[in-house]
Amino acid sequence: MMLALDHVQIAIPANSEVTARDFYGRILGLSEHDKPIELFGRGGCWFDLGFHQLHLGVDADFRPAKKAHIALTTDALDTLRVRIENAGFPVHGDVPINGRHRFFTEDPFGNRLEILQMDFIG
């Protein structure tokens, strides 16, 4: 039996798709992925993450994820950090892990995100 990651979903508040698209699309640079027609009425939006997807799902009882988080890798860590800071979002550095530099930020809804330098080894 084989298991593999298909997608990750995090919650966003109702009626916040425009804000989500601005942050995840414009600021982080992710490409939006069309949701299946059967799911349009549920709100939210999906983004491509390499071979995987990031789903932003509407939660009527939304509470931001302050500890649980997704970790994204980039080949332009410093550039993305500056873009996030210039857009007014908090950036908190942390110690490198296995030689990979990283920082934490929050999306517009308070969900925690970790951004790591891409690992080119392996």
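Residues: numbered from 1 along the sequence shown.
Taking the ring centroids of H7 and H52, they lie at or beyond the 6.0 Å cut-off. Here F47 and H55 keep their ring centres 6.0 angstrom or further from each other. Less than 6.0 angstrom separates the ring centroid of F23 from the ring centroid of F89.
For the pair V58 and E17, the tightest heavy-atom approach, listed with the atom from each and the gap, is CG2-OE2, 3.4 Å. Of all non-hydrogen atoms in S16 and F109, the two that sit nearest each other are CB-CE2, 3.5 Å. Residues D61 and D59 approach most closely at N-OD1, 2.9 Å, considering heavy atoms. A pairwise comparison of heavy atoms in G110 and K66 identifies O-NZ, 3.5 Å as the closest pair. Nearest heavy atom pair, residue D48 against residue L30, reads O-CD2, 3.8 Å. The two atoms that bring R112 and H69 nearest to each other are O-CB, 3.2 Å, heavy atoms only.
Contact of the L39 side chain with the W46 side chain is registered, since non-hydrogen atoms from C-beta on lie closer than 4.5 Å. Using a 4.5 Å heavy-atom cutoff, the side chains of F104 and V91 are not in contact. Between R100 and T73, the closest side-chain pair of non-hydrogen atoms falls below 4.5 Å.
In this structure, R21 pairs ionically with E32, as a charged nitrogen and a carboxylate oxygen lie closer than 4.0 Å. Using a 4.0 Å cut-off between charged side-chain N and carboxylate O, E85 and R81 make a salt bridge.
When the side chain to side chain donor-acceptor pair (under 3.5 Å) test is applied to R26, the partners found at least two apart in sequence or on another chain are D22.
Between L49 atom CG and L54 atom CG the span is 5.0 Å, to the nearest 0.5 Å. Atoms CG and CD1, on D107 and I12 in that order, are 8.5 Å from each other to the nearest 0.5 Å. To the nearest 0.5 Å, atom CG of residue D94 and atom NE2 of residue H92 are 10.5 Å apart. Interatomic distance, CD1 of I84 versus OG1 of T79, reported as 11.0 Å (0.5 Å rounding). Distance CG/L80 to CD1/I115: 5.5 Å, rounded to 0.5 Å. Interatomic distance, CG of L72 versus CG of L113, reported as 6.0 Å (0.5 Å rounding).
A donor-acceptor contact shorter than 3.5 Å is absent between the side chain of K35 and the backbone of G41.
Put simply, L56 and V8 are part of the same group of oily side chains (I, L, V, M, F, W, Y) that touch within less than 4.5 Å, one to the next. The hydrophobic cluster containing I27 also contains Y24, counting ILVMFWY residues as joined when their side-chain heavy atoms lie under 4.5 angstrom apart, directly or transitively.
Q117 and H101 form no side-chain donor-acceptor contact under 3.5 Å, judged by distance and modelled atom types alone.
Atom CZ of F40 sits in a crowded spot, with more than 12 heavy atoms from other residues, nucleotides or ligands closer than 6.0 Å.
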